[in-house]
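Numbered from 1 within each chain, the chains take letters A, B, ... in sequence-line order. Only heavy atoms go into these numbers, but all of them, side chains included; no hydrogens, no water, no symmetry mates.
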Amino acid sequence: MAGAVTTVTAVSNETRPKHLTEARWVRWTLIGIALLFVSVVILLPLITVLLESFRKGWSVYIEALKDPDSIAALKLTLTTALIAVPLNTIFGVAAAWAITKFTFRGKNLLITLIDLPYAVSPVISGLVYILLFGAQGFLGPWLFEHDIKIVFATPGIILATMFVTFPFVARELIPLMESQGVQDEEAAVSLGSRGWRTFFRVTLPNIKWGLLYGIILCNARAMGEFGAVSVVSGHIRGETNTLPLHIEILYNEYQYTAAFAVASLLMLLAIVTLIIKSLIESKLVRSKHGE
Amino acid sequence: MAKRKSVLPGRRLTLGFTILYLSLIVLIPLAGLVVKTAGLTLPQFWETVTSPRVLASYRVSLVTAFFAAVVNVVFGLIVAWVLVRYRFPGKKLVDGLIDIPFALPTAVAGIALTSIYAPNGWIGKLFDPLGIRIAYTPLGITLALIFIGVPFVVRTVQPVLQDLESDTEEASVLLGAYRWRTFRRVILPELIPPLLTGFALAFARGIGEYGSVVFISGNMPMKTEITPLLIITKLEQYEYSQATAIALVLLILSFGLLLIINSLQRWSNRRLRSS
């Protein structure tokens, strides 16, 4: 995967003039420290996941993934992401449009409020829904009367995931649309274009890479969220377990190989996400330079 | 900014939807937390959030998050420096790996770190004969939080380092300053705002972190029990009001940090623009 991964700040490869850099030994010592740090802290856990999941061979690995409980967890994880990500995407686009195309009072406050879920511990993100919808919660008795289950069931898991991934798309789009201004849209409107048409024909092509970027990050977090989902799930095997929760159960039952096998799936998701992210970033850099 | 009425459509629709959705998913649930805590009298609340076990959990969370953030400031600066200024093989791969802690689900990180640092794990094995235990101690928690915090410092320092103009550095060299002095006097002051921002982001994330920590912490009350875990424990014992009270303390702490981070970022951006 080397070469596929770059940042938006585009790793530059020009050499600095000699008087503006350090002595050779200083340079290589610093590089050595950086490489060692990244290897031990980040690379080693990745390698561990891979080695542990294949420790007992390919067939045990496949067996662990084919387990009905694993399949059920995979299905729930996909369902959750399939609902939470599109909703947060619609919100992100609407919020970015409102914030970047119009002036209104309290805009900075609104931006801060959108950021709130980033600052909240995942455990609290789950807890708030227990307080609303749990048996002792505000709406608990009413829900019980009407036989609607939210917490310790799929809706609670989806809500907690939506809370945690709430800012992702908006956060990517707001700075991007801010920098693009309103001229394109105003030109389209003055030429007689209508609202939705303006959005789909003018705005969307301008923001498509940024939007995609936000969506894949949102999706990665939605599929991998652990703390918030753990609080509202109730941990019913085959019913309310997502993949990350399934890993926890397997691990606590000392089924290490199976736990790491499921973990390797999520690691693959993370790596694919980062590769797509870097591809989008190089597009973004190119489109910026192309102007 | 010129104040004029925008000709663009959708103001009411998008703003209305934004506020509605924000209220339903985030604001009303969070308000519920405050309302629930208000059900406690002040002495009850105080007693809950200052009981010895709860105090011990704040200490574990704050101390480990603090040290992890400090380690990340030091190594994050070195990594960002090396990535921006030097050429070496594998540079792009290293740059990509920095984002792994953002993208890797915390539970995956948690079990991987535990198996590395457990007494029979790759690194744990090396330290076990020396009588140093890593997993199931505050040291293990700190290591998990170091993993989680890496991208925050690197990704806030990197762009600033990239945009640093070389003229002040040139001037400093022309005036005969040594490299180390140039770094301390000319470069480091520019990096203070992003370093502080990165520190605060890593620290804030560390305090609330749950998934990567629960596996490696051992979860012993008074010793290695972090505050988020204590909240879950209280919930599982149906001590809803206690769980809520502790959560409120954690929430206020996070908001305070968020405000500090926002003003740090504004400060950092202003410096970036004026330079």
Side-chain angles (χ1 to χ4, degrees), chain A residues 2-3 5-7 9 11 13 19-20 22 27 30-31 33-34 37-38 41-42 44-45 48-49 52 91 94-95 97-98 101-102 113 116-117 119-124 127-129 131-132 136 138 162-163 166 185-186 189 195 220 224 226-227 244 247-248 251 259 263 266-267 270 273-274, chain B residues 6-11 14-15 17-18 21-22 25-26 29-30 32-33 36 75 78-79 82 85-88 91-97 99-100 103-109 111-113 115-116 146-147 150 158-159 162 166 169 173 179 208 210-211 228 231-232 240 247 250-251 254 258:
Chain A
V5 183
T6 47
T7 38
T9 44
V11 180
N13 256 334
H19 66 282
L20 289 185
E22 287 72 41
R27 284 205 308 262
L30 289 177
I31 291 172
I33 294 172
F37 179 74
V38 172
V41 173
I42 299 176
L44 195 60
T48 305
V49 172
E52 291 285 334
F91 161 75
W97 181 273
K101 305 294 177 198
F102 307 106
L113 289 178
L116 269 188
V120 174
S121 170
V123 169
I124 296 179
L127 170 70
V128 291
Y129 291 107
L131 295 180
L132 273 186
Q136 293 188 28
F138 298 105
M162 280 164 67
F163 184 104
F166 184 82
E185 284 83 4
E186 282 181 347
V189 169
F226 178 72
I247 294 175
E248 184 191 27
Y251 189 84
L266 287 175
M267 184 172 87
T273 300
L274 289 184
Chain B
S6 175
V7 296
L8 296 180
R11 179 186 164 113
T14 56
L15 195 57
F17 178 71
T18 301
Y21 191 77
L22 176 73
I25 302 296
V26 178
L30 280 179
L33 186 82
K36 182 83 184 177
F75 287 95
I78 296 176
V79 172
V82 161
R85 299 208 157 197
Y86 302 153
R87 298 176 63 169
F88 57 92
K91 181 164 157 171
K92 282 189 172 172
L93 179 65
V94 173
D95 193 68
L97 282 174
D99 283 328
I100 284 285
L104 193 71
T106 51
V108 178
I111 62 169
L113 290 168
S115 79
I116 295 171
I146 291 174
F147 172 85
V150 174
Q158 233 175 346
Q162 203 116 44
S166 48
E169 247 182 287
V173 175
R179 198 63 203 149
Y210 175 72
I231 295 173
I232 289 195
Y240 281 54
L250 195 61
L251 198 63
S254 308
L258 182 71

[X], part contacting chain A, at a heavy-atom distance under 4.5 Å:
| X | value |
| --- | --- |
| Leu258(B) | side chain |
| Ala109(B) | neither |
| Val79(B) | both |

| Where do Leu104(B) and Leu266(A) land on the side-chain contact (heavy atoms from CB on, under 4.5 Å) test, with the steps shown first? | CA-CA 7 Å; Leu104(B) 193 71; Leu266(A) 287 175; over 6 Å; no
With rounding to the nearest 0.5 angstrom, report the [atom1] to [atom2] distance, [X] to [Y].
| X | Y | atom1 | atom2 | result |
| --- | --- | --- | --- | --- |
| Leu113(A) | Leu22(B) | CG | CG | 5.5 Å |
| Leu97(B) | Ile42(A) | CG | CD1 | 6.0 Å |
| Leu15(B) | Lys101(A) | CG | NZ | 15.0 Å |
| Trp97(A) | Thr18(B) | CH2 | OG1 | 12.5 Å |
| Ile31(A) | Arg85(B) | CD1 | CZ | 13.0 Å |

| Among Leu30(A), Val38(A), Ile247(A), who wins on heavy-atom pairs under 4.5 Å with chain B? |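 Of the options given, most contacts go to Leu30(A).
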| Leu131(A) vs Leu33(B) side-chain heavy atoms within contact, under 4.5 Å |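 Counting from C-beta outward, Leu131(A) and Leu33(B) do come under 4.5 Å.
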| query | Is there side-chain contact between Ile116(B) and Pro45(A), with heavy atoms separated by less than 4.5 Å? | reply |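 Ile116(B) vs Pro45(A): side chains touch.
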| request: Please report the C-alpha distance between Phe163(A) and Leu30(B) in whole Å, then the side-chain angles of each, then the deciding distance to 0.1 Å, and finally whether the side-chain contact (heavy atoms from CB on, under 4.5 Å) criterion is met. | output: CA-CA 10 Å; Phe163(A) 184 104; Leu30(B) 280 179; 4.3 Å; yes
| task | Go through Ile78(B) and Phe37(A) one step at a time and tell me if the side-chain contact (heavy atoms from CB on, under 4.5 Å) criterion holds. | result | CA-CA 10 Å; Ile78(B) 296 176; Phe37(A) 179 74; over 6 Å; no
| Where does the angle between the aromatic ring planes of Phe91(A) and Phe17(B) fall among parallel (under 30°), tilted (30 to 60°) and perpendicular (over 60°)? |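 The arrangement is tilted - the two ring planes meet at 30° to 60°.
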| task | Please test Leu127(A) against Tyr240(B) for side-chain contact (heavy atoms from CB on, under 4.5 Å), starting from the C-alpha separation and ending with a verdict. | result | CA-CA 9 Å; Leu127(A) 170 70; Tyr240(B) 281 54; 6.0 Å; no
